Amino acid sequence: MDKVVLAFSGGLDTSVCVKLLEEKYDVEVITACVDVGQGDEEIAKAEKMAKEIGGYKHYTIDAKEEFANEYIARGIKANAEYEGYPLSTALARPLIAQKIIDIAKKEGATAIAHGCTGKGNDQFRFEAVILAMSDLDIIAPIRELNLTRTEEQAYAAEKGIKLNSDKIYSIDENIWGRSIEGDILEDPANEPPEEIYAWTASAEDALDTPQKVSIEFEEGIPVAINGEMMPLIDIIKEANKIAGENGIGRVDTIENRMIGLKSRETYEVPGAKLLIAAHQALEELVLTTDELRFAEYMSTLYADLVYRALWQEPLREDIDQAIDHMQRRVSGEVTMKLFKGSIAPLTRESPFSLHSIEQITFEDKETDQREVEGMIKYHGLQAANYQKLNR
Ligand code: ARG
């Protein structure tokens, strides 16, 4: 019998997929859960679920460090946000897909399956990587059978699949962010209920005194928080905690999905908002005017590519290289003030600072102010000539 590796989370879609694959596609199912920081409880649940459903074999792959160092680090250097959403799910999908490909090759499987519906972006992200990086077939049971959530629930009940969660929302979580979709959130006319949030306090419940946080960067990557050097993954955890307590990182947006649908999306991204804001504050100090303009342009382009499932696009690699080159001078320390959902830079220092206190101060005698006169005369030369035509 043909073997198929299923990207498995233990939720409704992928649990139903195990049975559908066996029954309707007549294959042996290997379930694989790639840990990008869904939380130990979720990983354990997925393992328990895999055992209960009784596929052929189950894998759990710990990819948390790799996700932090190879993917989130790029997201920070690029300030990668799509319409105000610091890319989290979108950044993790290419890594998950690659890990599943590795297992499929090792197991001699003929295909990879996923539980994505035909409406979202994740189907594009998984399949783009599988098509580019392997010759494996792709099976998308939920999409191919055009199933609704209610039909999936009925099928699960019929097959005796006991879902080990009573969650009504579709939640995707990794160390960089948490996305909450579905149920009453689908209608933008509804307020998001407080219960959907797990990482962030509301502004009302946030800490009552402002908090200062210092972040140290080396070549664009955070290396210490509040003076303590630690691996990026731990800095992210700490940043999530501090920013979350201060009510930072709730995003509620009408997102433009790849297939054109507008979708109400809610996110919790406290650490991402803090680290990206600190990174931008440092860039302002060390990059030139033109570098900053270009960085902003690259950031939008980069986020669009990653959001739109084009991780394999050479332009993504080209931009990464340009960004890395620019980030060689993005080293130094920034202090941020966090208070009830607001975030602002307090201090910035860097050995590569292009700011000069000697030059900017009003007490300066060295910079001869008179020299600027000539520059002004010629600066608007063409505009002045144009206006003269009408005078
Ligand atoms: N809208 C976000 C994105 O496209 C989050 C998707 C969350 N995925 C999910 N399967 N719940 O990146």
Side-chain angles (χ1 to χ4, degrees), residues 6-17 32-39 42 45-46 67 71-72 74-75 78 80-97 100 112-129 140-143 147-149 152 163 165 167-188 192 196-199 249-270 272-273 276 300 302-311 316:
L6 168 68
F8 186 73
S9 71
L12 175 67
D13 294 322
T14 58
S15 297
V16 161
C17 279
C33 179
V34 181
D35 183 358
V36 283
Q38 296 89 317
E42 280 300 305
K45 271 192 206 167
F67 181 44
Y71 292 77
I72 298 176
R74 293 178 201 274
E81 295 194 1
Y82 178 82
E83 300 175 348
Y85 146 53
L87 297 175
S88 52
T89 299
L91 262 183
R93 291 304 189 228
L95 173 61
I96 295 173
I100 305 276
I112 287 178
H114 63 71
C116 301
T117 68
K119 294 199 170 173
N121 302 315
D122 290 327
Q123 51 181 338
F124 288 87
R125 296 173 185 149
F126 276 131
E127 295 186 24
V129 179
I142 307 293
R143 185 180 69 205
L147 296 179
T148 66
R149 219 170 153 79
E152 287 182 47
L163 285 156
S165 100
K167 273 187 213 139
I168 48 174
Y169 303 105
S170 164
I171 297 174
D172 185 68
E173 189 173 312
N174 64 49
I175 38 179
W176 198 226
R178 196 168 167 267
S179 134
I180 313 106
E181 298 174 326
D183 203 61
I184 63 158
L185 295 172
E186 286 180 348
D187 185 348
I196 67 165
Y197 299 110
W199 291 9
R250 291 188 178 184
V251 177
D252 183 345
T253 176
I254 305 295
E255 187 167 295
N256 293 294
R257 282 197 191 163
M258 285 180 68
I259 65 167
L261 289 171
K262 282 200 183 285
S263 153
R264 189 295 179 79
E265 301 277 333
T266 50
Y267 299 102
E268 286 190 285
V269 278
K273 284 286 180 190
I276 289 177
T300 310
Y302 192 84
D304 281 352
L305 287 173
V306 175
Y307 183 87
R308 297 197 177 118
L310 292 171
W311 187 261
R316 197 272 306 161

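Not measured: the values here are computed from a predicted model. Indexing begins at 1, ligand by ligand and atom by atom, following the structure's order.
Interatomic distance, CZ of Arg250 versus CD1 of Ile196, reported as 7.5 Å (0.5 Å rounding).
Using a cut-off of 4.0 Å between Lys/Arg side-chain N and Asp/Glu carboxylate O, Asp183 and Arg149 are scored as not salt-bridged. Residues Glu181 and Arg257 are paired through a salt bridge, judged by an N-O separation under 4.0 Å between the basic side chain and the carboxylate.
Take Thr14 and apply the side-chain contact (heavy atoms from CB on, under 4.5 Å) test, not counting sequence neighbours, and it matches Phe8, Ser9.
Ring geometry for Tyr82 versus Tyr307: interplanar angle under 30°, hence parallel rather than tilted (30 to 60°). Using a 30° and 60° split on the angle between ring planes, Tyr302 and Trp311 fall in the perpendicular class, above 60°.
Contact shell of ligand 1 (protein heavy atoms, cutoff 4.0 Å): Tyr85, Thr89, Ala90, Arg93, Asn121, Asp122, Arg125, Ser170, Asp172, Ser179, Glu181, Glu255, Glu265, Tyr267, Tyr307.
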